[in-house]
Student: 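Right, I'll just put the structure down here and ask away after.
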Protein chains: 2
Amino acid sequence: MNGISMIQLAKELGLSVSTVSKALGDSHEISASTKKRVLELAKKYKYKPNPFASNLRKKKGKQIAVIIPDIVNNFFALAVDGIESVTMSKHYDTFIYLTHENLEREKAVLEHLESGLISGLIISVCTGREGYAHFQEFYEATRLPLVFFDRVPDLLQFPKVITNNYESSFDATVRLIKAGSKRPVLITTTEPMFTSMERRRGYQDALEKHGIVFTDEMIVHCTDDMELNYTILRKIFSQKKRPDGIFASIEKYAITSYQACKDLKLAIPKDVKVIGMTNLRTAALLNPSLSTLSQPAFDMGKEAAGLLIKMIEKKSYAAANDIIVLPNELTIRDSI
Amino acid sequence: MNGISMIQLAKELGLSVSTVSKALGDSHEISASTKKRVLELAKKYKYKPNPFASNLRKKKGKQIAVIIPDIVNNFFALAVDGIESVTMSKHYDTFIYLTHENLEREKAVLEHLESGLISGLIISVCTGREGYAHFQEFYEATRLPLVFFDRVPDLLQFPKVITNNYESSFDATVRLIKAGSKRPVLITTTEPMFTSMERRRGYQDALEKHGIVFTDEMIVHCTDDMELNYTILRKIFSQKKRPDGIFASIEKYAITSYQACKDLKLAIPKDVKVIGMTNLRTAALLNPSLSTLSQPAFDMGKEAAGLLIKMIEKKSYAAANDIIVLPNELTIRDSI
DNA sequence: GTTTTTTCCTATAACGTTTTCGTAAAAGCC
DNA sequence: GGCTTTTACGAAAACGTTATAGGAAAAAAC
């Protein structure tokens with residue numbers, strides 16, 4: 001806004017603007033002594049290049065955007081933390097946009113970003129998928145690098161950072177079975193999502209592998225309405241042939257499961273064994289402490305940002321087909 | 001990056017660039033029919049003004065920054081959510097920077113932002129205060145509007161959004177006393193912070209008002225090291241003359257208190273009554289459910305962003321001395 | 001000593017807007 | 001019809017950079 005410009009530096013030094021520009025850019029065309037003079041005066045006046053002028057001229061800048069469904073969620077907060085740790089160290093600025101699982105908002109943000117404000121984009125898509133045309137369009141219009149993480153679309157040309165949802169869900173389900181659960185249910189969302197599909201596959205395959213006959217009632221669909229979820233769960237655990245195990249594949253559902261079991265006087269882990277997919281730090285403090293399958297959220301953010309910046313700076317799509325798979329971590333506590 | 005520019009629009013329409021610019025800006029200098037023609041072609045080509053060119057020329061843009069200590073923290077995540085809800089609706093873009101309680105990082109971010117990248121700034125300062133000169137300097141250099149929230153410095157010329165920390169801490173302490181606590185302790189941080197000072201004042205005044213003699217040992221200083229905190233708390237609750245009440249004035253300390261009490265077989269609320277200052281959604285699910293003093297984090301973010309944008313757009317500092325005080329909410333549950 | 005190369009710098013044209021100023025033509029006024 | 005005013009547009013400068021092309025002086029090559 002206020003600071004000194006290159007023009008004024010040049011004037012005071014008796015040099016041309018282009019010389020100053022090159023000196024500041026440490027160009028080989030400029031002599032060491034001139035560079036020194038320029039740098040010193042720049043420092044004295046705390047000269048900062050105007051990013052708008054620079055971005056305009058270079059047709060790109062050091063700004064990226066992150067689009068996520070929610071920030072009041074340990075997983076995404078950790079991911080943003082990871083992203084920011086990388087962008088900060090690489091001197092990039094990070095915009096944040098929240099979709100709140102609203103597809104229209106996601107589209108609106110994407111369209112807004114077609115203006116060219118950013119040089120790259122990290123996304124975790126919202127639920128309620130009806131195609132991913134807007135990502136294609138964004139890419140067609142801007143040709144900007146784009147990295148998806150966790151909730152990724154099935155678009156081949158974009159790199160992705162995900163976790164081993166299938167394998168870890170398989171493992172978690174096996175742990176429930178080995179702990180004695182004869183009829184573990186999967187709690188998942190009604191919204192179609194890549195991640196929950198994978199987790200469901202892992203769950204079902206584990207059942208099959210251990211000779212447990214899968215029936216549709218073993219998938220419990222919960223919603224965004226926590227009250228309703230409570231009712232659903234309570235009903236299911238009131239049946240004669242109630243489940244004796246829970247794999248809560250979505251963060252918030254584990255807590256509701258606990259609530260329902262507690263109220264129905266079902267002992268955890270004696271009557272019901274529970275594993276929750278969650279990054280909540282309070283998991284260990286619940287009563288009994290909750291066994292969790294947690295995602296390496298921070299590292300996912302780090303990887304995504306690292307990949308994105310690599311793509312931005314190499315101007316290459318060599319990395320385009322990269323799919324980075326990080327392992328989820330199973331922590332067995334008292335709930336199993 | 002790729003899209004069409006005004007120049008190309010003008011060419012195709014047989015108009016000058018300035019006419020197109022004015023038409024898009026809905027200037028009165030342009031006839032209705034011309035405006036219509038321009039708008040239509042712009043829409044057809046999905047024209048988006050280049051923000052860098054625009055910002056450069058206008059010497060300001062619609063970007064703001066948020067600097068906070070941490071995002072993996074319900075309070076700040078909610079605040080960012082509130083901020084984003086406002087900036088999104090007002091068509092501003094929001095940068096995010098995390099200091100991780102590191103003063104050097106805070107200073108570095110501020111210095112970086114002196115480049116003029118943004119038009120306004122929202123901050124919650126990090127702990128370990130040794131003056132606030134860098135904020136002054138930032139303001140001197142940029143003259144940009146700046147709004148503090150929650151953790152605010154004692155700089156008169158900047159507007160702030162805070163909560164009634166003194167009053168609500170007073171009230172919470174009174175509730176502990178009325179619930180039967182004869183010797184409630186305050187758990188706070190070693191780091192000097194405006195908010196914790198206020199909370200401490202409220203706590204002490206409540207004691208005094210109810211005839212409880214305050215001694216220094218009643219302030220328990222915890223740290224960032226959760227293991228150490230556990231040790232500290234355990235020691236304190238192992239004494240003969242142990243406390244019978246806890247006001248945990250920092251989010252994470254409530255959980256550690258629970259842990260320590262549980263391990264020492266001290267029953268909550270029979271032996272120890274607890275109120276925690278926290279926005280954790282799992283508070284109600286702890287055993288026993290935790291009574292909380294929670295901050296209106298989302299609304300604080302909303303207020304701060306609203307104030308900032310008002311300042312940006314009015315170009316006035318009429319609001320400069322505003323201090324918006326929102327009430328904390330005391331929710332009594334089973335821990336008291 | 002001339003030619004060639006290298007070194008170091010400058011002039012100038014972008015980048016895509018917005019804004020100021022100027023000016024034809026149309027409209028209003030008497 | 002001559003005058004002023006309004007309407008509707010265009011020319012050009014400006015915002016602060018960076019990149020391209022060019023050129024004078026110094027150094028190297030023969």
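Each chain gets a letter, A, B and so on, in the order its sequence line appears, and its residues count up from 1. Just so it is clear, the structure is predicted and the values come from calculations on it, not from any experiment. Just so you know, these numbers use all the heavy atoms, side chains as well, and skip hydrogens, waters and symmetry mates.
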Student: Can you sort out the partners of A:F95 under ring-ring contact (aromatic ring centres under 6.0 Å, His included), two or more places apart, ordered by chain and number?
Tutor: B:F95
Student: Using whole Å, report how far CD1 of A:I4 lies from C1' of D:dC15.
Tutor: 16 Å
Student: Under 4.0 Å, counting only non-hydrogen atoms across every strand here, what does B:G14 touch: a base, just sugar-phosphate, or nothing?
Tutor: sugar-phosphate
Student: Between atom CE of B:M300 and atom CG of B:D150, what is the distance when rounded to the nearest 0.5 Å?
Tutor: 4.5 Å
Student: Compare side-chain N and O positions of A:S21 against OP1 and OP2 of D:dT18 and report whether any pair is under 4.0 Å apart.
Tutor: yes
Student: Who passes side chain to side chain donor-acceptor pair (under 3.5 Å) against A:E137, sequence neighbours left out?
Tutor: none
Student: Only counting residues at least two apart or in another chain, list the ones meeting ring-ring contact (aromatic ring centres under 6.0 Å, His included) with A:F52.
Tutor: none
Student: Without decimals, in angstroms, what is the distance between A:L9 CG and D:dT18 P?
Tutor: 12 Å
Student: Between D:dT18, C:dG16, D:dA11, which one does the side chain of B:S16 approach most closely?
Tutor: D:dA11
Student: Between C:dC15 atom P and B:N55 atom CG, what is the distance in whole Å?
Tutor: 19 Å
Student: Just to confirm, is there a sub-4.0 Å distance from OP1 or OP2 of D:dA19 to any side-chain nitrogen or oxygen of A:K59?
Tutor: no
Student: Rounded off to whole Å, could you give me the CD1-to-C1' distance for the B:I30 and C:dT19 pair?
Tutor: 13 Å
Student: It should be established whether A:K58 places a side-chain nitrogen or oxygen under 4.0 Å from OP1 or OP2 of nucleotide C:dA14.
Tutor: no
Student: Tell me, please, which residues at least two apart from A:T195 pass side chain to side chain donor-acceptor pair (under 3.5 Å).
Tutor: none
Student: Quick check on contacts: within residues 38-49 of chain A, what sits under 4.0 Å from DNA chain C by heavy-atom distance?
Tutor: none
Student: Could you check whether B:E12 pairs with B:R37 (Lys NZ or Arg NE/NH1/NH2 to Asp/Glu carboxylate O, under 4.0 Å)?
Tutor: no
Student: Are OP1 or OP2 of C:dC9 and a side-chain N or O of A:T34 less than 4.0 angstrom apart?
Tutor: yes
Student: Over all strands shown, is B:S31 touching base, sugar-phosphate only, or nothing at heavy-atom distances under 4.0 angstrom?
Tutor: sugar-phosphate
Student: By salt bridge (charged side-chain N to carboxylate O under 4.0 Å, His left out), which residues pair with A:K62, not counting sequence neighbours?
Tutor: none
Student: How long is the line joining CD1 of B:I7 and P of D:dG10, in whole Å?
Tutor: 15 Å
Student: Could you pick out which residue, B:L56 or B:V20, lies toward the 5' side of DNA chain D when each is mapped onto its nearest nucleotide?
Tutor: B:V20
Student: Tell me the interatomic distance from A:D26, atom CG, to C:dC8, atom P, rounded to whole angstroms.
Tutor: 13 Å
Student: Report the end-to-end axis angle of the helix from C:dG1-D:dC30 to C:dC30-D:dG1; each axis comes from five terminal pairs, and the value is rounded to 10°.
Tutor: 40°
Student: A:K60 has an atom NZ; how far is it from atom P of C:dG16, in whole Å?
Tutor: 16 Å
Student: With sequence neighbours excluded, tell me which residues meet side chain to side chain donor-acceptor pair (under 3.5 Å) with A:D93.
Tutor: A:Q63, B:Y97, B:H112
Student: Rounded to whole angstroms, how far apart are CG on A:N50 and P on C:dC15?
Tutor: 18 Å
Student: Just jot down the ring-ring contact (aromatic ring centres under 6.0 Å, His included) partners of A:F148, sequence neighbours excluded, or say none.
Tutor: A:F135, A:F158
Student: With B:E40, which residues qualify under salt bridge (charged side-chain N to carboxylate O under 4.0 Å, His left out), at least two apart?
Tutor: B:K36
Student: Mind checking what makes salt bridge (charged side-chain N to carboxylate O under 4.0 Å, His left out) contact with A:D26, not counting sequence neighbours?
Tutor: A:K35
Student: List every contact pair, protein side and nucleotides 20-26 of chain C side both N or O, where the distance is under 3.5 Å.
Tutor:
{"unit_1": "C:dT20", "atom_1": "O4", "unit_2": "B:K22", "atom_2": "NZ", "d": "3.3"}

Student: Check the pair B:S18 / B:S21 against side chain to side chain donor-acceptor pair (under 3.5 Å), numbers first and verdict last.
Tutor: CA-CA 5 Å; B:S18 41; B:S21 174; over 6 Å; no
